[in-house]
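What follows is one structure encoded as structure tokens, with my remarks underneath.
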Amino acid sequence: MKKPVDLNAAYQPAEFEFRDADEVREIMARYPAGKQRSATMPLLDLAQRQVAQDGARANPPYGGWIPRAAMDEIARILDIPPIKVYEVATFYSMYNLEPVGKYLVQMCTTTPCMLCGSGDIVKSCETHLGIHTGETTRDGLFTLVEVECLGACVNAPMVQINDDYFEDLTPQVMTGLLDDLAAGREVKMGPQNGRISSMSEAGTTTLSEKADQLGIAKAG
Ligand code: FES
């Protein structure tokens with residue numbers, strides 16, 4: 001998915017500074033001398049998480065994204081041209097280059113999820129949140145985007161919200177999840193239909209002795 005990026009937008013802050021200099025040093029020390037530019041990706045991730053921490057305390061809240069000033073600061077720290085950081089940040093979809101909601105709802109709509117009903121779930125999100133895909137709610141809580149396969153097809157349809165996967169969704173379960181997040185209630189990650197990981201919905205069909213030890217239901 002092509003991420004929107006406007007390095008000169010009005011929302012771009014003039015400055016960015018890492019709060020935790022020790023963590024920056026620790027990340028850079030993972031790489032051999034002279035290869036510090038390899039720290040570009042973890043530093044981009046650190047910047048995005050720092051912005052998310054700030055956003056969680058803001059009113060209205062916002063989620064993690066990477067301002068141009070952060071990319072420039074990473075280039076300064078690593079002593080590389082800023083374009084080298086922009087190249088990486090614009091290539092990988094996990095880096096958000098414009099402000100997003102506190103909860104980034106990444107709905108998988110690739111074939112297995114589509115065949116299992118992701119289209120209905122996207123529609124239910126749009127109706128429930130009052131936004132279209134690609135938009136952010138006025139309260140700053142949710143940004144809804146469609147993404148390609150997130151590698152959890154066996155538990156389709158699924159969504160990634162910030163760092164967490166929610167699987168085996170129905171439209172009702174999905175809107176309930178959104179309500180719980182908006183209300184600050186605890187949510188359960190992973191399968192939402194009661195099964196464990198990607199086991200058969202009817203219960204285990206192999207390794208039955210292990211299932212007995214763990215108290216897991218077996219298929220009848
Ligand atoms: S198609 Fe949705 S996780 Fe693979």
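These figures come from a predicted structure and were not determined experimentally. For ligands, and for the atoms within them, numbers begin at 1 and follow the listed sequence.
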Q | atom 4 (Fe) of ligand 1 reached by C149 (N, O or S, under 2.8 Å) | A | yes

(Q) Just checking: C108, one of its N/O/S atoms, less than 2.8 Å away from atom 4 (Fe) of ligand 1, yes or no? (A) no

Q) Between L141 and D139, what is the shortest heavy-atom contact and its length? A) N-OD1, 3.0 Å

Q) Quick check: does C113 put an N/O/S atom under 2.8 Å from atom 2 (Fe) of ligand 1? A) yes

(Q) Under 4.0 Å between a side-chain nitrogen and a carboxylate oxygen: does that hold for E126 and K123? (A) no

Q.
With a sphere of 6.0 Å drawn around CZ of R30, does it hold more than 12 non-hydrogen atoms of other residues, nucleotides or ligands?
A. yes

Q: Find out if a path of hydrophobic residues (ILVMFWY) with successive side-chain heavy-atom gaps under 4.5 Å connects Y103 to M158.
A: no

Q) For ligand 1, which atoms have a heavy atom of T110 less than 4.0 angstrom away? A) 1 (S)

Q. With atoms numbered from 1 as shown, which atoms in ligand 1 lie under 4.0 angstrom from a non-hydrogen atom of A152?
A. 3 (S)

Under 3.5 Å donor-acceptor pairs involving side-chain atoms of residues 51-63, not counting sequence neighbours:
{"residue": "Q53", "atom": "OE1", "partner": "R19", "partner atom": "NH2", "Å": "3.0"}
{"residue": "D54", "atom": "OD1", "partner": "R19", "partner atom": "NH1", "Å": "2.7"}
{"residue": "D54", "atom": "OD1", "partner": "R19", "partner atom": "NH2", "Å": "3.2"}
{"residue": "D54", "atom": "OD1", "partner": "R57", "partner atom": "NH2", "Å": "3.2"}

